[in-house]
Participant: 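Quick one: structure below, then a few questions.
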Protein chains: 2
Amino acid sequence: MLHVAEAARVSVATVSALINGTATVSPELSQRIEQAIRDIGYKRNAIARSLKMGTTRTIGLTVPHITNPFFTDVVSVIQQAFDRAGYAVMLCCTDEHLNTQDDQIRLLLDRMVDGLIVARVGDGAILKRIVDDANVPVVLLDRVCQGVDTDAVVLDNQRAVFDAITYLIDLGHRRIGYISGSFDISPMHDRMAGYREALQAAGLPAETELVRFGNFHEVDGYNATMQLLSLHDRPSAIFSANNPMVIGTMKAIRDIGLSCPEDISVACFDDFPWSDVFRPQLTTVAQPVQAIGEQAANLLLDRLAGNRDAPPRKLTLKGRLMIRNSCRPPGAIAQSVSA
Amino acid sequence: MLHVAEAARVSVATVSALINGTATVSPELSQRIEQAIRDIGYKRNAIARSLKMGTTRTIGLTVPHITNPFFTDVVSVIQQAFDRAGYAVMLCCTDEHLNTQDDQIRLLLDRMVDGLIVARVGDGAILKRIVDDANVPVVLLDRVCQGVDTDAVVLDNQRAVFDAITYLIDLGHRRIGYISGSFDISPMHDRMAGYREALQAAGLPAETELVRFGNFHEVDGYNATMQLLSLHDRPSAIFSANNPMVIGTMKAIRDIGLSCPEDISVACFDDFPWSDVFRPQLTTVAQPVQAIGEQAANLLLDRLAGNRDAPPRKLTLKGRLMIRNSCRPPGAIAQSVSA
DNA sequence: TGACATGATCGAAACGTTTAGATTAGCGTT
DNA sequence: AACGCTAATCTAAACGTTTCGATCATGTCA
């Protein structure tokens, strides 16, 4: 900017005023300055500007897995929204790893992001401290966090799973395996609650042997399913509480020589683009990814626009059961085994 | 830092020296300073540091689509690599849109990223100018660009498609539909060349009616497939040059009342995690995503480590044909699945 | 004992902006 | 002619670091 000012024979203040439109600059000087800017190929240095202004027009976004299609879609929507608003997005994947998450959030805060959208991992205590320290607005995505009192966008997980399990029960299933993600994040709690609630509403017992836990990865789903299928009295249907794990479920079913939906019914959380075209077409709980991403972005943009003092807002969206053909009434095979 | 210095009764220079280890600080002062840092909860301001140092320890990464599993996986690997190296990653999705890409790269450069990894879109001329202007290292990913002479990681696309098409020919197919992405990016060129080469090697004619173009999206694959299937003499196999488009292909096949692989064989570029478990299990060309991501990261990290003047390096990796059961000899109805 | 190398510490300038407040010029009032 | 008002422009101080060169004890050697 100094060079531009010299070339145009004006002060840097005038150059700044012209660029930002913060003061009127005479046509004559404007022209000289614009010419100089072109000649020199000047670009404003956003770092220096950030230092002075105390804002970077950048937000941080952390998600557990970028390969999980749910997060992929949401990230995409969020990215577009902030793009439109002139913000850059720093993306971090925590890989469901607690330390990584903490480090990355600190990294983002060091870089003075103006705001944070966090699909958190693990225990909330550290997150709480970090969020309290940071004096930037934070929006929690998908996973809320006791004690962290801030804006959030979540799904009505309990209701969504209740609907799905009830659907299975209505088909005639009595023994329904349930594969949960690890329990330290809110959705897994709520989804499990939905499972239990549905069983109870139908007067079915909650048998612990039918519930397995995994760490969200395909391999966890595989192992969990293997255990469920080797039970003495094995379930006639399996519900997987997240998407990558259901792939493991399908692989386990295949490897054990069964097939879906003939021998066993399968449903899962999170829809994905392929569910429609391949067989079996999976029955899933679809999250409104577009809305989730947009709402999260809007919450943060609203705070960034200055609305700092409004009380925390928690938005709860509804999932939708996408009934396809991976579930059937329990068949002869399942019956005979259980008899 | 000023507050820390005051609290510890030292100068800011000493605080800086201690934090960065750039000079020896007596144990006594070290202790006072560390105490003050803890008391105050001081965090170094990375923006001010960047301004002074001229480096942000942040890189920019632009991809066309984050919902394409190929890019998702590569992004994930790159993100991890830079994470390990202490860099942050700014991710931008250009949505295959040229203007968006140019804007976003400018945005990234304004923010003084230390380097750039670009899976480019569209004509290279503007990109070339941007890259020349930016005096940061740039690595091209997946898509090279005539005239832009910089590091790159690409696939041997021609060979990969040659292998895939030859496989179809060996199965007995003579009319093989080919759905290409738009032609302004290098991989689509090379993949098409592989298609033509395979036909030629087998002495088959290159019929233009069998080749369709789309813009990488599912809907484009759908339309292209509809056209191919309504040909008077319709193809017995279809190869889709990218992954999202093949979903459209499968939907079109379903909607028109055919089934794969009984009535028509399908193969495509880019593997995805589901290909193994759902039917038909798609035969795909798998890219070595892990290697691609790592190599791209390494090329850039090497430049960032100071190796600026080495001549541009272009790494070409090999794809792998994953033969599953979405392709059969033409007209072979109800043959038992063996592969 | 004086000269001098050594090691620890500090003062101050610089990075490239923004902006409050000072300065100046032009012009209409009285 | 002196005055005040407005609009345009400039000066200079920040923002929070890093770093160069200066300063100042302290111990070593001739």
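Throughout, a chain's letter reflects where its sequence line sits, starting with A, and its residues are numbered from 1.
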Participant: Could you tell me whether the phosphate oxygens of C:dC15, OP1 or OP2, come under 4.0 Å of any side-chain nitrogen or oxygen in A:Asn45?
Facilitator: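 Looking at the OP1 and OP2 atoms of C:dC15, neither is under 4.0 Å from any side-chain N or O of A:Asn45.
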
Participant: To the nearest Å, how far apart are A:Gln31 CD and D:dT9 P?
Facilitator: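 After rounding, the gap between these two atoms is 13 Å.
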
Participant: Is the cationic atom of A:Arg111 (NZ for Lys, CZ for Arg) positioned less than 6.0 Å from the six-membered ring centroid of B:Tyr87 and within 45 degrees of its normal?
Facilitator: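 A:Arg111 over B:Tyr87 ring: no.
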
Participant: Could you please name the option among C:dA8, D:dT9, D:dT17 that lies closest to any side-chain atom of A:Val25?
Facilitator: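 Minimum distance to the A:Val25 side chain belongs to D:dT9.
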
Participant: Could you tell me whether A:Asp151 and A:Arg303 have a side-chain N and a carboxylate O separated by less than 4.0 Å?
Facilitator: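 Looking at A:Arg303 together with A:Asp151, the answer is yes, because their closest N to O distance falls below 4.0 Å.
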
Participant: Measure CG/B:Leu18 against P/D:dT17 and give the value in whole Å, please.
Facilitator: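 Value for this atom pair: 14 Å.
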
Participant: Looking at D:dT9, D:dT19, C:dT18, which one has an atom nearest to any side-chain atom of A:Ala23?
Facilitator: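 Closest nucleotide to the A:Ala23 side chain: D:dT9.
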
Participant: Here's one to test your reading of the geometry: is the NZ or CZ of A:Arg143 within 45 degrees of the ring axis of A:Phe216 and under 6.0 Å from its centre?
Facilitator: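 Ring-cation test returns yes.
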
Participant: Under a 4.5 Å cut-off applied to non-hydrogen side-chain atoms, are A:Asn68 and A:Pro64 in contact?
Facilitator: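 Counting from C-beta outward, A:Asn68 and A:Pro64 never come under 4.5 Å.
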
Participant: For a quick check of understanding: with a heavy-atom distance under 4.0 Å over all strands, which category does A:Ser26 fall into, base, sugar-phosphate or nothing?
Facilitator: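 Result for A:Ser26 = sugar-phosphate.
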
Participant: Give the ring-plane orientation class for A:His189 versus A:Phe183, where under 30° counts as parallel, over 60° as perpendicular and anything between as tilted.
Facilitator: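 Tilted, since the angle between the ring planes falls between 30° and 60°.
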
Participant: So does A:Arg44 get a side-chain nitrogen or oxygen closer than 4.0 Å to the phosphate oxygens (OP1/OP2) of C:dT17?
Facilitator: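 So the side chain of A:Arg44 is outside the cut-off, no N or O lying under 4.0 Å from OP1 or OP2 of C:dT17.
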
Participant: How long is the line joining CG of B:Asp110 and C1' of C:dT17, in whole Å?
Facilitator: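 About 13 Å, once rounded to whole Å.
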
Participant: Go nucleotide by nucleotide along DNA chain C from the 5' end; which of B:Ser11 and A:Tyr42 gets its closest nucleotide reached first?
Facilitator: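 Upstream on the strand: B:Ser11.
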
Participant: What nucleic acid atoms does A:Leu29 come within less than 4.0 Å of, heavy atoms only: base, sugar-phosphate, or nothing?
Facilitator: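 Counting heavy atoms under 4.0 Å across all strands, the contact made by A:Leu29 is with sugar-phosphate only.
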
Participant: Rounded to the nearest Å, what distance is computed from the CD1 atom of residue A:Ile47 to the P atom of nucleotide C:dT17?
Facilitator: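 Going from A:Ile47 (CD1) to C:dT17 (P), I get 11 Å.
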
Participant: Tell me: NE2 of B:His3 to C1' of D:dT17, nearest whole Å?
Facilitator: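 Rounding to the nearest Å, NE2 of B:His3 and C1' of D:dT17 are 14 Å apart.
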
Participant: In whole Å, I'd like the distance from the CG atom of B:Leu51 to the C1' atom of D:dG16.
Facilitator: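 Nearest whole value for this atom pair: 9 Å.
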
Participant: Atom CE of B:Met53 to atom P of D:dG16: distance rounded to whole Å?
Facilitator: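 Computing the B:Met53:CE to D:dG16:P distance gives 18 Å.
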
Participant: In whole angstroms, how far is the P atom of C:dT17 from the NZ atom of A:Lys52?
Facilitator: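 The answer, rounded to whole Å, is 13 Å.
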
